[in-house]
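Below: one structure, written as structure tokens.
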2 protein chains.
Amino acid sequence: MHHVNFQPKSTLFEQGDEAGSLYTLTSGTVRLHYDLPDGRRQIVGFAMPGDFLGLSLEPRFGITADALTPVTACRFDRHRFMNLIDKHPNLMRKMHEVASHELAIAQEHMVVLGRRRAEERVASFLLKWWQRLKRVQGNTPTLPLPMGRQDIADHLGLTIETVSRTLARWMRERIILDVPDGVRILDAAKLEDVLGN
Amino acid sequence: MHHVNFQPKSTLFEQGDEAGSLYTLTSGTVRLHYDLPDGRRQIVGFAMPGDFLGLSLEPRFGITADALTPVTACRFDRHRFMNLIDKHPNLMRKMHEVASHELAIAQEHMVVLGRRRAEERVASFLLKWWQRLKRVQGNTPTLPLPMGRQDIADHLGLTIETVSRTLARWMRERIILDVPDGVRILDAAKLEDVLGN
DNA sequence: CGATATCTTGAGCATTTTCAATAGTAGTGG
DNA sequence: CCACTACTATTGAAAATGCTCAAGATATCG
């Protein structure tokens, strides 16, 4: 195990690569995506400090992971990590807990992609990202968005224009406020109303 | 552990219920879905013989599971199963393998929901269902579809009309053939062409 | 055989995409 | 310091994919 650093836009691992490593993020934001041969891209999630990457037992990575900001992480060799697990059986349980939770998150996101309209998708994204940030950084009204508009669109199954228009409208309506590298949530209740639950 | 039977349309477990059981399917098909309060539904997957249900370690089920056909399954008490795991450590590893695989499947489905057009989604569904069936029943040109059109639509993030129209067109084009309770794949290559890879 | 579910098909419509033009923003080198 | 380039974001107008609504057909089941 040793610490590794990644520059923005650099790749931790790529879709199809042999899954030889396992990471835990200590700082920065990582984009996880599946790319189609014709260039279409689906961002299946964003990773932040505390998250695990590559804990799947599949022989190859199904997705690509690349850094959106400077990233620091702990890298483990897969084989060595598996030996470690034999000595600490509760570690395997922990891995499975994390994986089950990821699966639950993935299933919730399928609902967003399959059954939510554009406005609901963007509201869902802002609120979920805000919640995750709160658990790491504490309660802040200011929401950093290290990912670009295209990334948000590729996460929500929309085009960059639809994301831009939706955010622009909410800025006009004073529901959010434009700040450098992110937004400030002025009226979270209105965003929750959009989701209707 | 004991065997249990379910009639079509009966529920194995429901979204929000305490996750007290764990199942392995021995026969039949199960529909797994997440329901929004306003009635919109996303089917996150279908389970067939050999599949595990409720292996997540979250305290409550995130989704509902109900039988599409008569179903037989083995039911395990969660607590007792966990004790069993303490005696057989490689069982925990197996569970994690299954969960990782489910996660990979979920991520691939996100691509379908977020970035594929209607025609591609239906082609993807037919081909994936066909592949899964081959692993259980061997190579058959006839593809049973125990789920209804509305279920397919709810799985693909489409309306029943779009699914119906797409299948109807492929029947006219002799790419598939209408048979009772399913379809016969006449030209799998054409369906793969739709996916463009 | 009648009643209820599900499925199909058509026509019009709406949300979101596409296309295109403009405006920022950052980084680079003269 | 400023011009130049490249990249990203915004905005408008037109187009299209898939949806809604409605009617009819087919299947299922008591």
Side-chain angles (χ1 to χ4, degrees), chain A residues 7-9 31 36 38-43 66 68-70 112-126 144-173 176-183 194 196, chain B residues 7-9 31 36 38-43 66 68-70 112-126 144-173 176-183 194 196:
Chain A
Q7 290 305 308
K9 294 171 201 282
R31 175 174 71 180
L36 290 174
D38 63 2
R40 286 178 290 180
R41 147 176 307 190
Q42 177 64 38
I43 294 182
D66 40 38
L68 287 171
T69 63
V112 173
L113 293 172
R115 284 299 177 228
R116 295 283 196 186
R117 25 185 76 284
E119 196 184 44
E120 298 177 292
R121 296 187 202 192
V122 181
S124 157
F125 168 73
L126 286 182
L145 295 175
M147 67 292 287
R149 296 288 190 270
Q150 185 63 61
D151 292 327
I152 298 175
D154 285 343
H155 184 47
L156 299 176
L158 300 171
T159 58
I160 186 175
E161 292 94 332
T162 301
V163 172
S164 183
R165 273 187 257 267
T166 306
L167 293 175
R169 182 160 48 74
W170 287 342
M171 287 174 191
R172 265 179 271 128
E173 295 171 0
I176 58 176
L177 183 69
D178 196 15
V179 297
D181 305 312
V183 295
V194 169
Chain B
Q7 290 307 308
K9 292 169 202 281
R31 173 175 72 179
L36 289 174
D38 64 1
R40 286 179 288 180
R41 148 176 306 193
Q42 176 64 37
I43 293 183
D66 38 40
L68 288 171
T69 63
V112 173
L113 293 172
R115 284 300 179 227
R116 294 284 196 186
R117 18 186 82 288
E119 196 186 43
E120 296 177 295
R121 296 187 201 191
V122 182
S124 158
F125 168 73
L126 286 182
L145 295 175
M147 67 292 288
R149 297 286 189 269
Q150 185 63 60
D151 292 327
I152 299 176
D154 286 342
H155 184 47
L156 299 176
L158 299 171
T159 58
I160 186 175
E161 293 94 332
T162 300
V163 172
S164 183
R165 272 187 258 268
T166 306
L167 292 175
R169 181 160 48 73
W170 287 342
M171 287 174 190
R172 264 179 274 130
E173 295 171 358
I176 58 177
L177 184 69
D178 196 15
V179 299
D181 304 314
V183 295
V194 169

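Below, chains carry the letters A, B, ... as their sequence lines are ordered, and counting in each starts from 1. In what follows, every heavy atom counts, from backbone to side chain, and hydrogens, waters and symmetry copies are set aside.
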Between atom CD1 in A/I152 and atom P in D/dA9, what is the gap in whole Å? 8 Å

For A/Q7 and A/P70, indicate whether the former's side chain and the latter's backbone hold a donor-acceptor pair under 3.5 Å. no

Return the CG to OG distance between A/L158 and A/S164, rounded to the nearest 0.5 Å. 12.0 Å

Identify all pairs in which a protein N or O lies below 3.5 Å from an N or O of nucleotides 28-30 of chain D, and state each distance.
none

Rounded to the nearest Å, what distance is computed from the CD1 atom of residue B/I160 to the P atom of nucleotide D/dA22? 17 Å

Find every protein N or O atom lying less than 3.5 Å from an N or O atom of nucleotides 24-27 of chain D, and list the pairs.
none

In chain order, what residues pass the salt bridge (Lys or Arg N to Asp or Glu O under 4.0 Å) check against A/R40, with sequence neighbours excluded? A/D38, B/E120

Mind checking what makes side-chain hydrogen bond (donor to acceptor under 3.5 Å, both in side chains) contact with B/Q150, not counting sequence neighbours? B/D154

Nearest heavy-atom contact between B/V194 and B/A123 is CG1-CB, 3.9 Å

Can you check the B/R172 CZ to C/dT9 C1' distance for me, whole Å? 9 Å

Start at the 5' end of DNA chain D and walk down; is the nucleotide closest to B/R121 or to A/Q150 reached first? A/Q150

Whole-Å gap separating C1' (C/dT8) and CD1 (B/I176): 14 Å

State which residues pass side-chain hydrogen bond (donor to acceptor under 3.5 Å, both in side chains) with A/R121; sequence neighbours excluded, sorted by chain then number. none

Quiz: residues 165-172 of chain B side-chain donor-acceptor pairs under 3.5 angstrom, not counting sequence neighbours:
from	atom 1	to	atom 2	distance (Å)
B/T166	OG1	B/T162	O	2.7
B/R169	NH1	B/E119	OE2	3.1
B/R169	NH2	B/E119	OE2	3.0

Measure the distance from CG on B/L167 to C1' on C/dT8 and round it to the nearest whole Å. 11 Å

Enter the distance from A/F125:CZ to A/L145:CG here, rounded to the nearest 0.5 Å. 5.5 Å

Detail all sub-3.5 Å separations between protein N/O atoms and N/O atoms belonging to nucleotides 16-20 of chain C.
from	atom 1	to	atom 2	distance (Å)
C/dT16	OP1	A/R117	NH1	3.4
C/dT16	OP1	A/A118	N	2.7
C/dT17	OP2	A/T159	N	3.4
C/dT17	OP2	A/T159	OG1	3.2
C/dT17	OP2	A/T162	OG1	2.4
C/dT18	O4	A/R165	NH2	3.0
C/dC19	N4	A/E161	OE2	3.0

State the dot-bracket string of DNA chain D. Criteria: Watson-Crick or G-U wobble, both atom distances under 3.5 angstrom; notation: ( ) intrastrand, [ ] crossing earlier pairs, | interstrand, . unpaired. |||||||||||||||||||||||.|.||||

Give the rounded distance in Å between these two atoms: CZ of A/R169 and P of D/dT10. 14 Å

Rounded to the nearest angstrom, tell me the gap between atom CZ in A/R149 and atom P in C/dA23. 19 Å

Verify, without hydrogens or angle tests, whether A/R115 (side chain) and B/R41 (backbone) share a donor-acceptor contact under 3.5 angstrom. yes

Taking the chi torsion of C/dA5, is it syn (within 90° of 0) or anti (everything else)? syn

Check side-chain hydrogen bond (donor to acceptor under 3.5 Å, both in side chains) between A/D181 and all other residues, then give those that pass, not counting sequence neighbours. none

Among all residues two or more places apart in sequence or in another chain, which pass the side-chain hydrogen bond (donor to acceptor under 3.5 Å, both in side chains) test with A/R149? none

Taking atom C1' of D/dT17 as reference, at what distance in whole Å does atom CZ of A/R40 sit? 13 Å

